[in-house]
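Within every chain, numbering begins at 1; the chains are lettered A, B, ... in the order of the sequence lines, protein sequences first and strands thereafter.
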Amino acid sequence: MTDVLSIEDLWVEAGDPRDPVTLVRGVSLSVEAGSVVGLVGESGSGKTVTCMASLGLAGRGVRITRGSVRLGGTELVGADEPTMRRVRGGVVGTVFQDPLGALNPLQRVGDQIAEAVQLHRGGRRRAHRDRVVHLLTQVGVPDPARRARAYPHELSGGMRQRVAIAMALANDPSLVVADEPTTALDVTVQAQVLDVIRRATKDDGRAALIITHDLGLVAEVADRVAVMYAGQIVEKGSVAEVFAAPRHPYTQGLLASRPALEPGRRRLSAMGGRPPLPGSWPVGCAFAPRCPVAVEACTTPPPVDQSDGRWSRCWHPQVESMEGVS
Amino acid sequence: MSPVLELDAVAKRYAVGGRTLTAVDGVSLRIEAGETYALVGESGCGKSTLARIAAMLGGTDEGRVRWSGKEVSHLGRRRIRAERSHTQFVFQDPSAALSPRMTVGEAVAEPFTITGRSGDVPALLHAVGLDEALAARYPAQLSGGQRQRVVIARALALEPRLLVLDEPVASLDVSVQAQVLNLLADLQEERAISYLLIAHDLAVVSSVADRIGVMYLGRVVEEGPATEVVARPRHPYTQLLIASAPRRDPGERVERIVVSGDPPSPLDLPPGCAFASRCPAATAVCLTQAPPPRELDGVTVRCHHAA
C-alpha cells in the first residue's frame, strides 16, 4: 500500500529560539491509503502539535526544526503558503473537536460548504449546490436541501459536526485529519458521528489520522495506533496487537486505567504521577519516574525495540500479556 | 436515621421568550449515608440543574429539599449559609473554582476563615494525597489533577455529609482520572460521606456508584441499584446509553441500537413519553400518556413497556 502521509523524524519547538521548548522529538508516522491511524496521548504529549505543525497550522512561534512531512509526494516542510493552502481543504480535510468554532455563525451551512468547494474548484457558489446536497447526504444529514439553508445555531451538536465533516470532504481529500472529533458530543451522538467518520474514511478508501485521548475511539475506528508520551511515540502498531498485548508500560497503564462498563463498584487500576509537560521532560526515558518496572538503565534514552514485528521505545518491553496486571 | 439528601418532587422552570423551559420536572430521590448516587444523562437533560438544587445553589420552584431530615428548600440566602457545611459542591473545572491569586493553603483554609471555625490545612492536604509543601503554591503552578485535589480538600474542610460532584474527572487526563476516582472512594470509606455524582461516562459511573438515576429531559426515567441498572437496563433510553458507550477492545462485539430523530425541545415537551420520538419500542400509548413510575425488582422505571 502507498503512504498518503509520511512523517519522518519530525522535531518541533516553540518559544524564544535562543531558549526553545521542545514539543515534538523525532516522530515518524505514516498513514496508508484506506487506513485509519489513531494518534493517542494525554495533554502535553505533542499529539496535536505533531499534526498541526505538519499541516502548517501550529500557529506563531511553533517551528519545525528537523524532519520531513510528505503528503502524496509533496514535501510540506518548508513549502510556501500557496502550496500549503492547496493542501489544506484540498488533499487534506480537517475536522476539529468543536464544530461551532469551525463554522461561521453568520452564514448558512450550505453556503459554507459551497465556499469550501469553490475555493479549490472555482466557479460560482450556486453551481456547487448539488455537490453540497450530495455531501450532506453522505454524512447522514436528513433532509439535506433544507438543512443546507440552516445557520449553525439552528442545528444540534451532532448535526454541526456532520456539517464540519461534510466540509472536510468537500474536495474529495485523500486524507482526513480529525482532532478529537467526538469529544464534545453526547455519547449517543458520538456513536452516530463515529459511524459517519468510518464510512467517510475506511469505507471510501480514504486515509485518516485521528488525534485523541480516547482509547475507546481508537478501538472503534482505527486500524493502527501510535501512542505518544512526552513528545515521542513510545509504541505503535496494529490496533488489534497493541490492545491485546501492549509492549510499553505506559500503553499498558493507559489501557488498564480505563474503567470498564460493568456492574459492581470496584477499585480502578491507576497509574501514579501525571504526564510531564513540555520543558520538564525527565531525561532518559520520560516515563521512567511513573513506570512500575523502571530500572537504572531507564535514565538513559531507551532504544526502539522492533522484535517480532512490534515497535516500542523501551529498555525492556513487556512481552507477557496483560494477564494479572489489572 | 434520615437520608443525607432527600429531594421531593423538585422542579425548575425558566421563562424563555414568553414560553416555559422545564429543566427539572418533579424529581424525587434520596441518598443514604456513605452512598454514591450517580445521575447520568446527556447534555440538556437537567442533571446539572438538579445538582445545583441538591446543593441549594439554585432554588427549586416546586418540591422540597431536605438535608439529613432538615428542610432547606424554603430557607433564604442568609439562613442557608448557616447550613452550608452539610453539602459542598465540586465543579468540573478546578481552574475556574480556585482563585488564581490565592495560594493552595489559603484556598483550603478559606472555609475556616469564613465560618470562624478552626481546622487543620496540612491534614486536609494529606487526606487528598497532596504534599503539604504545595500549600505555598498558586493554582497555576499545579497540574489539573492536583487542582482538583485542592478543590476536594477545600470541599471537605467543614466535614460535609454530602459532596455534589459535577463531572469531577471529565477535564482530567485519562491516567489521572483513575487516581481521583480512587481517592474519592477512599475518602468515602474513611469519612462515611455521601456523593451525588453527575457524570456522562457510564464506565466511570458503573465503577463508583451504588445507585444510578438516568435522566432524560428533566425526568429520572430509570433509577435503582447500580449493578441492576448496568446489568439489566429496563428503560429503552438506558439501553441506548449503554449500547452507545465506546467499546473497550477492538475485537469486542457491540450490539448497537440505532435511533433516529432528535430529542424534543424542552420548550415544547410532548404530552406522552419524552423519549417516544426516538424510541424503537414506542407505541400509540407512548405518544399520548406520560408513563407513570413503575417498580420492577427494586428498579423504578418510567416506561409503558418495561418488563
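Contact count against chain A (heavy-atom pairs under 4.5 Å) is highest for B:Val208 among B:Val205, B:Val208, B:Leu172, B:Thr36. The most heavy-atom pairs under 4.5 Å with chain B, out of A:Met271, A:Arg267, A:Arg290, A:His213, come from A:Arg267. Heavy-atom pairs under 4.5 Å with chain B peak, among A:Ala219, A:Gly273, A:Gly44, at A:Ala219. Put simply, of B:Ala178, B:Ser175, B:Ala209, the one with the most heavy-atom pairs under 4.5 Å next to chain A is B:Ser175. Contact count against chain B (heavy-atom pairs under 4.5 Å) is highest for A:Gly264 among A:Gly264, A:Ala240, A:Ala191, A:Gly272. Ranked by heavy-atom pairs under 4.5 Å with chain A, the list B:Ser207, B:Ala226, B:Pro246 is led by B:Ser207. The greatest number of non-hydrogen atom pairs below 4.5 Å with chain B, out of A:Ala260, A:Ser257, A:Gly216, is found for A:Ala260. Ranked by heavy-atom pairs under 4.5 Å with chain A, the list B:Leu181, B:Leu202, B:Asp210, B:Val180 is led by B:Asp210. Each of B:Val229, B:Asp186, B:Ile242, B:Asp201 has some count of heavy-atom pairs under 4.5 Å with chain A, and the biggest count is that of B:Asp186.
Tested against B:Leu241 for a side-chain contact (heavy atoms from CB on, under 4.5 Å), the candidates A:Asp186, A:Leu261, A:Val187 yield a single pass: A:Val187.
Crowding of B:Glu190 atom CD: a count of heavy atoms from other residues, nucleotides or ligands under 6.0 Å exceeding 12.
In this structure, chain B has a heavy atom under 4.5 Å from the side chain of A:Ser156, while its backbone stays farther away. In this structure, chain B has heavy atoms under 4.5 Å from both the backbone and the side chain of A:Glu220. Proximity to chain A is absent for every atom of B:Glu228, based on heavy atoms less than 4.5 angstrom apart.
If you take CG on A:Leu215 and CZ on B:Arg248, they are separated by 9.5 Å, rounding to the nearest 0.5 Å. Annotation: the span from B:Thr227 atom OG1 to A:Arg265 atom CZ amounts to 12.0 Å, rounded to 0.5 Å. We find the CD-NE2 distance between A:Gln190 and B:His200 to be 6.5 Å, quoted to the nearest 0.5 Å.
B:Val174 is listed as a side-chain neighbour of A:Glu42, based on a closest heavy-atom distance under 4.5 Å.
Panel note: side chain A:Arg274, backbone B:Gly144; no donor-acceptor pair is recorded below 3.5 Å.
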> Can you check side chain to side chain donor-acceptor pair (under 3.5 Å) on A:Arg266 and B:Ser206, steps first, answer last?
Replying inline: CA-CA 9 Å; A:Arg266 68 210 98 103; B:Ser206 77; 3.1 Å; yes
